[in-house]
Amino acid sequence: MTGRACPANVRCIMDTKTAAAKAKRIIVRVVLGGMTLMILGVVAYSYFTLHYAYSEGERVGFIQKVAKKGWICKTNEGELAMANVLGQQAQIFDFTVPDDGVVGQIESLSGHKVAVHYEERRGVPSSCFGETGYFVTAVKKAD
């Protein structure tokens with residue numbers, strides 16, 4: 001019975017063309033639904049890792065360098081040299097600066113002892129957001 005509705009007292013049997021078309025529609029819906037859920041999951045995970053900090057703190061030292069790095073995604077990466085005692089080898093703190101305004105502040109304070117406020121973000125999905133997990137959000141001149 002193709003294209004006609006079955007009478008109420010007669011049991012209808014689907015032919016193979018109708019069954020194949022119905023199965024194809026179901027498979028397409030399941031695949032599209034799965035892909036949509038996967039994309040939404042990646043977007044939600046990326047948003048969460050980029051907007052919620054695992055930890056935050058402040059480090060004090062001298063800026064060694066700030067550079068724009070990357071082949072495709074250019075990010076601002078820097079190094080802070082921290083020395084507790086004179087004559088001791090400095091410990092290097094690698095960081096990423098997502099805001100160009102903060103990069104300008106860091107460059108204007110070069111040569112001075114600075115305190116950088118950072119947020120640690122774990123699980124960031126790509127190096128397009130930064131090469132390190134430490135994102136500097138503010139900088140000030142230390143005493």
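Any value given below was found using the heavy atoms of this structure, including those in side chains, with hydrogens, waters and symmetry copies removed.
Among all heavy-atom pairs drawn from T49 and R122, the shortest one is CG2-O, 3.7 Å. E77 and E131 make their closest contact through OE2-N, 3.1 Å (heavy atoms, listed as atom of the first residue, atom of the second, distance). Shown here for F62 and K113, the closest heavy-atom pair between the two residues is CE2-N, 3.5 Å. Residues E119 and A53 come closest through the heavy atom pair CB-CB, 3.8 Å.
At least one side-chain heavy atom of F129 sits under 4.5 Å from a side-chain heavy atom of L50. In this structure the side chain of H117 reaches within 4.5 angstrom of the side chain of E56, judged on heavy atoms. Residues Y45 and L40 are not in side-chain contact: their nearest non-hydrogen atoms beyond the backbone lie 4.5 Å or more apart. At a threshold of 4.5 Å between non-hydrogen side-chain atoms, the residues D99 and T137 do not count as touching. Contact of the I92 side chain with the L80 side chain is not registered, since no non-hydrogen atoms from C-beta on lie closer than 4.5 Å. For the pair V114/V60, no side-chain contact is recorded, criterion being any heavy-atom separation below 4.5 Å from C-beta on.
Each of V136, V102, V103 was scored for a side-chain contact (heavy atoms from CB on, under 4.5 Å) with V66, with one residue passing: V103.
The aromatic rings of F93 and Y118 sit tilted, their planes meeting at an angle between 30° and 60°.
Under the 4.5 Å side-chain heavy-atom criterion for grouping Ile, Leu, Val, Met, Phe, Trp and Tyr, V43 is not connected to Y52 through any hydrophobic cluster. M82 and F135 sit in two unconnected hydrophobic clusters of ILVMFWY residues. Membership requires side-chain heavy atoms under 4.5 Å apart, directly or through other members.
Panel note: side chain K74, backbone G70; a donor-acceptor pair is recorded below 3.5 Å.
Within a 6.0 Å radius of NZ in K68, other residues, nucleotides and ligands contribute more than 12 heavy atoms. The number of heavy atoms from other shown groups lying within 6.0 Å of OH (Y54) does not exceed 12.
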### Message
Go through it in stages, so that I can follow the logic: the residues are Y134 and V97, the test is side chain to side chain contact (heavy atoms under 4.5 Å, CB included), and I'd like the CA-CA distance, side-chain angles, deciding distance and then a yes or no.
### Response
CA-CA 8 Å; Y134 299 99; V97 187; over 6 Å; no
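Between the CD1 atom of I63 and the CD atom of E107 there is a distance of 10.0 Å, given to the nearest 0.5 Å. Remark: K65 NZ to D94 CG distance equals 8.0 Å, nearest 0.5 Å.
The closest side-chain donor-acceptor pair between T96 and T75, if any, does not fall under 3.5 angstrom.
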